[in-house]
Structure formats: structure tokens, C-alpha cells
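These notes are about the structure you will find just below.
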Amino acid sequence: HDVSPTDMPSVIAIHNAVNEQTWVKIMEYEKMHEQECATPKLIRFLGRPGDMSIKARVTGWFGRTDPFDRHDWHVDRCGKEVRYIVDFYDGKPVPNMPVSI
């Protein structure tokens with residue numbers, strides 16, 4: 001993506017909002033393990049824009065565009081490390097492909 005320096009405050013605000021909502025969704029998944037661990041914590045967060053997840057690679061074989069970014073969220077579930085891989089796509093429609101989120 002080619003971003004103008006004057007657009008960076010908006011890009012950063014959007015990026016932060018997306019990350020905050022991603023964390024909310026991760027915590028929703030973690031809620032399913034509440035009996036195992038009531039207080040999961042973020043260990044680390046890694047941006048990996050050049051790395052394809054297995055899901056992104058497989059869906060690419062069927063014509064889906066590649067993600068523009070990937071984030072790996074590592075969560076401490078009371079001593080057990082759990083990794084969530086989140087791929088981010090442009091959201092542009094691809095001819096003859098269903099829309100998916």
C-alpha cells in the first residue's frame with residue numbers, strides 16, 4: 001500500500017482500532033476456556049506481513065487474494081501458551097468468489 005504521510009494519523013488510528021477489536025474477539029474465544037483459565041494474558045503480539053498462514057495459502061489455491069498483513073497473538077492461558085493467527089485482507093471483491101470474513 002502506498003500511504004501519504006498526511007494520512008498516517010488516520011492509518012494508525014484505524015490500525016489501533018482493528019487491533020483492539022481483534023483482542024476483544026480473542027478474549028471471546030478465551031471465554032470458552034474460562035474454567036481452565038479465568039485470566040488469560042497477552043504474552044506477545046507479532047506483525048508478520050510477509051508470512052502466509054496455512055489457511056491463507058490454502059484459500060489462495062482456490063483463487064482468494066493473499067492477505068496484506070498477518071498478526072500472531074500469543075496468549076498465556078494460565079501457563080499454556082496459545083497462538084492465534086489473524087490474516088487481514090483488503091476486502092476488495094474477487095470476481096466469481098464468495099465474500100468471506
Side-chain angles (χ1 to χ4, degrees):
H1 298 319
D2 188 22
V3 180
S4 165
T6 59
D7 293 334
M8 284 310 293
S10 296
V11 170
I12 291 168
I14 292 167
H15 189 266
N16 289 343
V18 168
N19 284 339
E20 289 170 14
Q21 285 303 306
T22 302
W23 181 245
V24 167
K25 292 295 184 186
I26 288 171
M27 294 309 293
E28 286 177 13
Y29 279 98
E30 284 298 309
K31 206 70 153 143
M32 294 187 285
H33 303 279
E34 192 171 31
Q35 296 216 3
E36 179 185 342
C37 181
T39 57
K41 294 177 178 55
L42 181 64
I43 298 171
R44 67 185 173 278
F45 162 92
L46 301 169
R48 299 177 62 183
D51 296 333
M52 294 276 284
S53 70
I54 293 170
K55 180 181 178 184
R57 187 165 291 132
V58 169
T59 58
W61 294 337
F62 295 99
R64 176 146 192 168
T65 57
D66 292 344
F68 67 86
D69 201 0
R70 167 184 166 173
H71 294 170
D72 289 13
W73 298 71
H74 295 259
V75 175
D76 176 1
R77 189 183 292 156
C78 295
K80 178 182 178 183
E81 185 171 332
V82 180
R83 180 174 64 161
Y84 291 88
I85 300 172
V86 182
D87 293 316
F88 294 94
Y89 295 87
D90 280 333
K92 295 175 187 169
V94 176
N96 304 317
M97 291 298 295
V99 175
S100 77
I101 297 174

Closest heavy-atom pair, Lys41 versus Trp23, reported as atoms and distance to 0.1 Å, is C-CH2, 4.3 Å
When rounded to the nearest 0.5 Å, the distance separating CD1 of Ile43 from CH2 of Trp73 is 13.0 Å
Intermediate values then yes/no, side chain to side chain contact (heavy atoms under 4.5 Å, CB included), Asn19 and His71
CA-CA 9 Å; Asn19 284 339; His71 294 170; 3.2 Å; yes
Inset, instruction - Take atom OH of Tyr29 as the centre, draw a 6.0 Å sphere, and report whether it contains more than 12 heavy atoms from other residues, nucleotides or ligands. - result: no
hydrophobic_cluster_shared for Leu46 and Tyr84, side chain cutoff 4.5 Å:
no
Rounded to the nearest 0.5 angstrom, the CZ-CG distance for Phe68 and Asp87 is 10.0 Å
Would you sort out whether Lys31 and Glu28 count as a salt bridge (Lys or Arg N to Asp or Glu O under 4.0 Å), showing the intermediate values?
CA-CA 5 Å; Lys31 206 70 153 143; Glu28 286 177 13; over 6 Å; no
One should read off an interatomic distance between Ile12 CD1 and Met8 CE, to the nearest 0.5 angstrom, of 4.5 Å
Taking every heavy atom of Leu42 against every heavy atom of Arg44, the minimum-distance pair comes out as CD1-O, 3.4 Å
Output for pair (Glu30 CD, Arg77 CZ), nearest 0.5 Å, gives 4.0 Å
When you check the gap from the basic side-chain N to the acidic O, do Asp51 and Arg70 get nearer than 4.0 Å?
-> no
Separation between NE2 (His74) and CD1 (Ile85), nearest 0.5 Å, reads 8.0 Å
Do Phe88 and Ile14 belong to the same hydrophobic cluster, where Ile, Leu, Val, Met, Phe, Trp and Tyr are linked whenever their side-chain heavy atoms lie under 4.5 Å apart, directly or via other members?
yes
